[in-house]
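Working notes, structure below.
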Amino acid sequence: MISLKSSFLLLHKRIGQARYMFDEIPHGGDLLSLNSLLSLHVRRNDPHSAWDLFHKRHHEHSNFDSYTFTPILKACAALSDIKRGQQVHGLVIKTGIDSETITKTAILDMYSKCGYFYDSLLVFEEMKLKDIVTWNAMISSFLRQGLAKEALGYFLEMQREGIEFNGFTLCSVLKACAFLSSSMQGKQIHALVIVIGYNSIVFETALVDFYSDSGLIGEAVKVFWNLNCSKDDAIYNSLISGCVKNRKYKEAFSILSEMKKPNVIALTSVLVACSENSNLLKGKQIHCMAILFGFDSDTQLSNAILDMYAKCGDILNARSVFDRIAHRNVVSWTSIIDAYGTQGLGDEALELFEKMEENCSVSPNDVTFLSVLSACGHSGLVEKGRKCFVLMKEKYGIDPGPEHYACYIDLLGRASLIEEVWSLYDGISKNSSKLTGAVWAALLNACRVSLDVVRGEFAAKRLFELEPEKPGNYVLLSNFYAAIGREDRKEELRILMRQKGLIKEAGSSWITV
DNA sequence: GTAGGGTTAG
């Protein structure tokens, strides 16, 4: 009777109803129906319900099998909840079924998706029977960790072990190629797939991504138009995002207009195009579309709309979008703080930062502090900037990166606090990884403001050792020479720039009036 | 159990 009921549950994919009936079954139903319902929740992208159900049954001392563990591990991965994931891992060991390849692969994948790369590798290394899915999951784990070289190494290793690769593997390999800028290898994968006649929309999307990320947008477009199956949202989105990344804004808009119905992701991507060339009119049109299609409750899209208004200088609309976001995340807060900061409205930026701190559900991150520091710099709020720099380390445990130092040096430099600048330098000079071009540039600029000739020349020397070809640095140095009255040096620099072909063309703007 | 599409700085 019960199993008949559980089959019925499976046939009926109406979760609410299924759950209701499940609760009515004496003793909570059998294992088969529990497992089915767990899978159903996970497939429906509802990991919370999956966990609630699992948790309830765990308290009732139910027995589980591998068909319980695989979906619940997937739910933990989706929630990125390592605590729950570890709990399940422990239970798997306790239950004594952890010898199975499928369950262990699910554990590996859970660790990876929760950001515990090393644990995923540990699980992998301890597995005796690895199949193609195990290898694929491990290769993905390397990529998630940014270890593209290792991902390719394991790809070769799996072939040495006699495991055939499949489409999943090739998608990961393409990602690794893009990451390593090895477009030759990626093209070889493309050729290989044409030869073996593998046809998959997911792989084609990975190809579009690969070509876009390799700067070969023309190839990405070719893949898109040569597709011999029907196009889905993801491949449209991938090409739109690729066009924007490659600054092909017109093309991005034209692909968007090809879509029967836009989606949140497509609109988010295309808004970046509006921000980057300050196309307020187009940006407003996209904002209208977002409202029209009922996407305006999406936080990520709203953040992009907010930022578009900010980048186009329309701070009032940026603020009104911010005020309407129901679930603001760290990006929402950072974007609005930055919007005020770049407009020179430092007090407003700081006021919002304080509000953010009062709002306990969202914590500032490293980017937030960059925006706050830069806002202080733009408005000459030295004391507030000092406080923030300390706050970042002491309250939030964020170790200042080179970008933060550059920003902070810039803030102090603008205020002519040159000795404070150099004592900050003394503090970080032991750690050469913190002395990036941006830091030397900020030091040089501070010396220009304070006419610190000797140390300025020292900073310039270091800057040009690190970044000899960056045109902006020549402008910086030229301004330094002008400030200290060395017009002769300035002229030498102009000649050098011309020799190097670094003279910029006359200023042009994409700004739409 | 493994693969594809989005937002903040510089």
Side-chain angles (χ1 to χ4, degrees), chain A residues 39 42 66-67 69-74 77 100-110 112-113 123 130-141 143 165-175 200-210 212 231-242 244-245 263-272 275 295 298-308 310-311 325 329-339 341-342 364-375 401-404 406-407 410 436-439 441-442 472:
Chain A
S39 304
V42 173
S66 61
Y67 292 96
F69 292 128
T70 41
I72 202 63
L73 283 163
K74 209 172 176 176
E100 291 174 48
T101 304
I102 293 177
T103 311
K104 283 198 166 175
T105 303
I107 293 170
L108 184 170
D109 190 58
M110 178 276 294
S112 171
K113 286 180 176 158
V123 173
K130 305 177 181 94
D131 65 7
I132 181 167
V133 182
T134 317
W135 281 92
N136 287 343
M138 193 61 229
I139 291 171
S140 295
S141 186
L143 282 172
F165 58 79
N166 63 12
F168 284 63
T169 328
L170 294 180
C171 285
S172 297
V173 171
L174 273 183
K175 208 173 217 176
S200 135
I201 184 79
V202 179
F203 180 78
E204 298 293 324
T205 310
L207 264 179
V208 170
D209 278 334
F210 159 73
S212 301
K231 302 177 181 75
D232 63 6
D233 270 8
I235 199 156
Y236 269 101
N237 296 342
S238 175
L239 187 64
I240 291 172
S241 148
V244 176
K245 278 184 216 151
N263 62 71
V264 225
I265 296 176
L267 294 186
T268 309
S269 292
V270 102
L271 275 163
V272 176
S275 308
F295 297 150
D298 185 284
T299 300
Q300 225 168 313
L301 176 60
S302 299
N303 292 344
I305 297 171
L306 186 174
D307 191 58
M308 177 276 297
K311 294 272 162 62
I325 303 176
N329 63 17
V330 63
V331 179
S332 323
W333 284 98
T334 304
S335 304
I336 192 69
I337 290 170
D338 194 67
T342 42
N365 65 13
D366 52 337
V367 185
T368 316
F369 278 103
L370 261 181
S371 295
V372 174
L373 286 171
S374 131
E403 319 82 35
H404 297 97
C407 203
D410 194 62
T436 58
V439 170

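The structure presented is a predicted model; accordingly, all values stated were derived computationally and were not measured.
Nucleic acid contact for A/Asp209: sugar-phosphate only, since backbone atoms but no base atoms lie under 4.0 Å from a heavy atom of the residue. At a threshold of 4.0 angstrom between heavy atoms, the contacts of A/Ile240 with the nucleic acid are absent. Counting any heavy atom pair closer than 4.0 Å across all strands shown, A/Leu301 reaches a base atom. Note on A/Lys113: only backbone sugar-phosphate atoms sit closer than 4.0 angstrom, heavy atoms only; bases stay farther off. Counting any heavy atom pair closer than 4.0 Å across all strands shown, A/Lys130 reaches no nucleic acid atom.
Distance from the side chain of A/Thr70 is smallest to B/dG1 among B/dT2, B/dG5, B/dG1. Each of B/dT8, B/dG5, B/dA9 was ranked by its minimum atom distance to the side chain of A/Ser241; first place goes to B/dG5. Of the listed nucleotides (B/dT8, B/dG5, B/dT2), B/dT2 has the atom at the smallest distance from the side chain of A/Val133. Nearest nucleotide to the side chain of A/Ser238, out of B/dT2, B/dT7, B/dG5: B/dG5. Closest to the side chain of A/Lys311, from the set B/dG5, B/dT8, B/dA3, is B/dT8. Comparing atom distances between the A/Leu370 side chain and each of B/dG1, B/dA9, B/dG6 picks out B/dA9 as nearest. The listed nucleotides are B/dA3, B/dG5, B/dT7; the one nearest the side chain of A/Asn263 is B/dG5. When distances are taken from the side chain of A/Val367 to each of B/dT8, B/dT2, B/dG5, the shortest belongs to B/dT8. You'll find that the side chain of A/Thr105 is closest to B/dG1, out of B/dA3, B/dG1, B/dG4. Distances were taken from every side-chain heavy atom of A/Ile102 (C-beta onward) to each of B/dG1, B/dT2, B/dT7; the shortest belongs to B/dG1.
The base of B/dG6 is not paired with the side chain of A/Asn303 by any donor and acceptor separated by under 3.5 Å. Counting distance only, with no hydrogens placed and no angle test, the side-chain atoms of A/Asp232 and the base atoms of B/dG4 include a donor-acceptor pair under 3.5 Å. On a pure distance criterion of 3.5 Å, no polar donor-acceptor pair joins the side chain of A/Ser269 and the base of B/dG6. The base of B/dG1 sits with one of its N or O atoms less than 3.5 Å from a complementary donor or acceptor on the side chain of A/Asp131. One N or O donor and one acceptor, one from the side chain of A/Thr134 and one from the base of B/dG1, sit under 3.5 Å apart. Judged by distance alone, with hydrogens and angles left aside, A/Thr268 brings a side-chain donor or acceptor within reach of the base of B/dG6, the pair sitting under 3.5 Å.
Residue A/Leu271 contributes atom CG, which lies 15 Å from atom C1' of B/dG5 at whole-angstrom precision. Across the protein-nucleic acid pair, A/Phe168 atom CZ and B/dT2 atom C1' stand 6 Å apart, rounded to whole Å. Between the CD1 atom of A/Ile235 and the P atom of B/dG4 there is a distance of 14 Å, rounded to whole Å. Across the protein-nucleic acid pair, A/Leu267 atom CG and B/dG6 atom P stand 14 Å apart, rounded to whole Å. One can place CG of A/Asn136 at 14 Å from P of B/dG1, the figure rounded to the nearest angstrom. Nucleotide B/dT8 holds its C1' atom 11 Å from the CD1 atom of A/Ile325, rounded to whole Å. Across the protein-nucleic acid pair, A/Phe210 atom CZ and B/dG4 atom C1' stand 15 Å apart, rounded to whole Å. Here the P atom of nucleotide B/dT8 and the CH2 atom of A/Trp333 are 19 Å apart, to the nearest Å.
Partner of A/Thr134 under the side-chain contact (heavy atoms from CB on, under 4.5 Å) criterion, out of A/Ile102, A/Thr105, A/Ile139, A/Val123: A/Thr105 alone.
A donor-acceptor pair shorter than 3.5 Å cannot be found between the side chains of A/Ser241 and A/Ser269. In the model, A/Thr368 has a side-chain atom that pairs as donor or acceptor with a side-chain atom of A/Asn365 under 3.5 Å.
The minimum heavy-atom distance linking A/Val439 with A/Pro402 is given by the pair CG2-O, 3.5 Å.
Taking 4.0 angstrom as the limit, A/Lys175 places a side-chain polar atom (N or O) nearer than this to OP1 or OP2 of B/dG4.
For the side-chain hydrogen bond (donor to acceptor under 3.5 Å, both in side chains) test, residues two or more places apart in sequence or in another chain that qualify with A/Ser332 are A/Asn303, A/Asn329. Checked against side-chain hydrogen bond (donor to acceptor under 3.5 Å, both in side chains), A/Asn166 has the following partners two or more places apart in sequence or in another chain: A/Asn136, A/Thr169.
With hydrogens and angles ignored, the 3.5 Å screen pairs no side-chain donor or acceptor of A/Ser141 with any backbone N or O of A/Ala137.
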